Novice: 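Got a structure here, written out as structure tokens. Questions coming.
Numbered from 1 within each chain, the chains take letters A, B, ... in sequence-line order. All of these numbers come straight from a predicted model, not from anything done at the bench.
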Amino acid sequence: MNRKFLSSPIILILPSILAIGFVIIIPLIFSFYTSFTSYKLTRPDSLYNFVGLRNYERLIDNVKFWKAFGRTILFLAIVLNLELLFGLGIALLINKITWGQRTLRTIMMFPMMFSPILVGFQWKYIFNDNIGLLNNFLYLFGYESAIPWLIGKKLAMGSIMAAEIWANTAIFSILLLAGLLGIPRDPIEAARVDGCNSWQVFKNITLPFLMPFIFIALTIRSLDVGRAYDIVHIMTGGGPAMRTELIWTMIARVGYKDANMGFANAMSYVSIILSIAFTYYFFTKLVAARRELGQQ
Amino acid sequence: MANVDLKNLTKKYGDVIAVQNMDLNIPHNEFLVLVGPSGCGKSTTLRMIAGLEEITSGEIYIGDQLVNEKDPKDRNVSMVFQNYALYPHMTVKENLGFSLKIAKVDKKEIEQRVKEAVQILGLDELQKRKPSQLSGGQRQRVAMGRAIVRRPDAFLFDEPLSNLDAKLRTQMRTEIKKLHQKLQTTIIYVTHDQVEAMTLADRIIIMKDGYIEQIGSPIEVFNNPINVFVATFIGSPPMNILEAEIIKRDGKIYFELDQDVLMPCPESKASLLSQKNKVIIGIRSEDISPSNSNTSDEFWYFEKNIDLAEPLGTETQLFIKLKNKEIISRMYNPREIEIGEQINFAVNLNKIHIFDNETKKIIK
Ligand SMILES: Nc1ncnc2c1ncn2[C@@H]1O[C@H](COP(=O)(O)OP(=O)(O)OP(=O)(O)O)[C@@H](O)[C@H]1O
Ligand SMILES: [Mg+2]
């Protein structure tokens, strides 16, 4: 063999190239290929049934898919914004506390310690219209009629969002708290002497310093929320009447229940565009925010 | 219009006492300079006045108002921080105008004042840069500018010129002096630079370990230091300090500066020393100078070999040894000096300082 090809740098990175190849690249190519076939899980031979762009063409006309797509964006937008807001609030409060901060930080992380599936179950029972804690609690205050939290047309989505926010706000708090702890004291002091009240200090100094952390958190969480599946699957299963169907619950249904893997993979590739778009957007924002602070 | 008064001000960080029972009245329009060794509590004092540091006990008044409980923003002071504390995400121009923007000053007025500051500080070309793109000295000038665009009741300057080169520093010193004359405000100024302290101050405060050692006009603290610490701290090179036995001979009092080197005690001081065996003598280097004659009564003459000579141009500093301690003398009409050369020195007896060897306080 050519000596140049086997030069030591290549040999040294070969194992990682191989590993990445097996773990990522081959499955990626394979799934991409299947999105051009009419591959059905139940009929392995359909793997060789090349249909060209047909799956993608079907997708473009598929109203259900685009509804789920839009719903996912809405879900992302609302959940991310609220988590950011609550997370920031919690981080600011904890940052103010001088005594017992560690304990509070730990307590704050509790929701993250549970499996999302279990969180889904728990909230499912809280929101159950008959036996749920919430309705029973409201009953005590005189709300006689049971509120259909998980099966109401509009309520179901909100309930899922509530569970999602409960479970993951802590990620924002932790990341933003790290950001807050890292803010140098001097510019804040200078601003106070320069005549700023607390709100002005927050707006003009704290927030710009926090921006990079906010965008890191948003990037991480947008990927996370964008692939939401478990919590929806458990709480509503996409219902009622598909009103809580998100991209991934739909893909899973088409891929595994209908066994329509080729089509499902085509959907996945379209939805990945969404994730990439969000990541790209937040990442440019992150870079801009850091440049703003002169951190490059 | 504001005087600043500190009453029995104390600051403790746990067990560390940063400032101890400080009493100080700073009248309106005074230029007060704080000096002292590193860690003596200068920055802490300024930070307490600004309201950035909780005070342990005591009271602070600005313009006769008790401000202990007031937020920094309500104290109307502006401060130059020792470490600049610029806003990293704002350009130089935004940094300068920030306080005015917060105070909702008219846009035109902001523009005008920022422009003025930019000119005084020579920041013209840097206006669009961020602090991370500036050198230390440039940052310091921005910090300075940020303070002077305001019209506060008092300025607090924490070593505002420490990072500038000699030329710029002289220039800025003049600007600060002008600014003080123009704005007529109270200024509290921390510095390590002797020249800055002497030239700018109406009064100088010398601090040590959280205490005030002496307060006085520059001339006063220079000519009449109340203890050895102040004597050695003010003046450059520092005052020569020698321990001396008191020797009485023929009814006269002498200080033994070295074996067989006896300096007569000035008549005026003799009565104060009757009880003492030992004292500390302080002589400024300009009061020991080479001399051709040895006749004057006001002087005492001795001969000594030169250990080292440092020519500085206008003067040459001569190093000699007395009791194994290095003594510096100033020669004002420099000529070539050879090491080991024997020179006749004259000590101005009216200018020597005599300190108690135990309390280290001046005897007078
Ligand atoms: N946050 C703090 N916690 C504990 N001790 C402190 C703190 N800040 C200052 N000190 C101590 O208080 C004393 C006074 O500090 P300060 O900063 O006022 O000194 P300084 O006179 O400004 O010194 P320098 O000339 O080096 O700036 C020092 O002994 C310092 O170690
Ligand atoms: Mg200091």
Side-chain angles (χ1 to χ4, degrees), chain A residues 84 88 91-93 95-101 175-176 178-218 282-296, chain B residues 43 46-54 67 70-92 94-105 129-134 139 142-158:
Chain A
L84 171 60
L88 183 59
L92 286 171
L93 285 178
N95 191 38
K96 277 260 177 250
I97 296 172
T98 43
W99 190 84
Q101 208 190 67
L175 285 169
L176 298 187
L180 284 173
L181 295 176
I183 296 180
R185 219 180 46 171
D186 326 338
I188 291 179
E189 289 183 339
R192 290 174 63 202
V193 176
D194 265 350
C196 289
N197 58 31
S198 318
W199 164 248
Q200 287 165 326
V201 169
F202 175 76
K203 193 180 109 199
N204 292 296
I205 314 293
T206 314
L207 204 54
F209 268 103
L210 223 44
M211 261 353 216
F213 290 85
I214 288 180
F215 287 121
I216 289 172
L218 283 173
F282 289 136
F283 208 76
T284 27
K285 286 284 202 185
L286 168 66
V287 172
R290 293 201 49 185
R291 184 172 306 130
E292 182 77 12
L293 285 171
Q295 295 174 334
Q296 302 304 336
Chain B
S43 298
L46 288 197
R47 291 171 53 81
M48 283 193 287
I49 297 172
L52 294 171
E53 212 71 67
E54 192 105 8
V67 295
K70 277 197 179 179
D71 262 356
K73 73 175 163 62
D74 300 323
R75 297 194 184 194
N76 197 24
V77 297
S78 71
M79 179 155 175
V80 176
F81 290 79
Q82 190 166 6
N83 41 10
Y84 325 136
L86 300 181
Y87 309 123
H89 54 298
M90 298 184 200
T91 62
V92 167
E94 289 164 341
N95 261 284
L96 294 175
F98 182 69
S99 59
L100 301 177
K101 200 176 112 195
I102 291 296
K104 302 216 164 56
V105 174
R129 296 216 201 151
K130 294 265 176 76
S132 60
Q133 300 162 320
L134 300 176
R139 284 178 208 187
V142 178
M144 188 83 200
R146 211 170 49 178
I148 67 177
V149 294
R150 293 177 58 195
R151 303 282 181 268
D153 285 337
F155 283 110
L156 308 173
F157 289 143
D158 201 345

Novice: Which atoms of R47(B) come close to chain A, meaning under 4.5 Å heavy atom to heavy atom: side chain ones, backbone ones, both, or neither?
Specialist: side chain
Novice: For a 4.5 angstrom cut-off between non-hydrogen side-chain atoms, does H89(B) reach M211(A)?
Specialist: no
Novice: Is chain A contacted by the side chain of L86(B), its backbone, both, or neither, given a heavy-atom distance below 4.5 Å?
Specialist: backbone
Novice: Between Q200(A) and chain B, with a heavy-atom cut-off of 4.5 Å, which part of the residue counts as in contact: side chain, backbone, both or neither?
Specialist: side chain
Novice: At their closest point, which heavy atom of M90(B) faces which heavy atom of N204(A), and how far apart are they?
Specialist: CE-O, 4.1 Å
Novice: Backbone N or O of L293(A) within a donor-acceptor pair of the K130(B) side chain at under 3.5 Å?
Specialist: no
Novice: Could you grab the distance from atom NZ of K101(B) to atom SG of C196(A), nearest 0.5 Å is fine?
Specialist: 9.0 Å
Novice: When you compare the side chain of D194(A) with that of M79(B), does any pair of heavy atoms fall below 4.5 Å?
Specialist: no
Novice: Search all heavy atoms of Y87(B) against all heavy atoms of P187(A) and return the closest pair with its distance.
Specialist: CE2-O, 3.3 Å
Novice: Give me the atom names and distance for the closest heavy-atom approach of V193(A) to S78(B).
Specialist: CG1-CA, 4.1 Å
Novice: Let me confirm one number: the CZ-CG distance from R185(A) to N83(B), rounded to the nearest 0.5 Å.
Specialist: 9.0 Å
Novice: Please give me the minimum heavy-atom distance between A85(B) and A190(A), naming the atom from each residue.
Specialist: O-CB, 3.5 Å
Novice: Do you know the tightest heavy-atom contact between G51(B) and R192(A)?
Specialist: O-NH2, 4.1 Å
Novice: Less than 4.5 Å to any heavy atom of chain B: does that hold for the side chain of A289(A), its backbone, both, or neither?
Specialist: neither
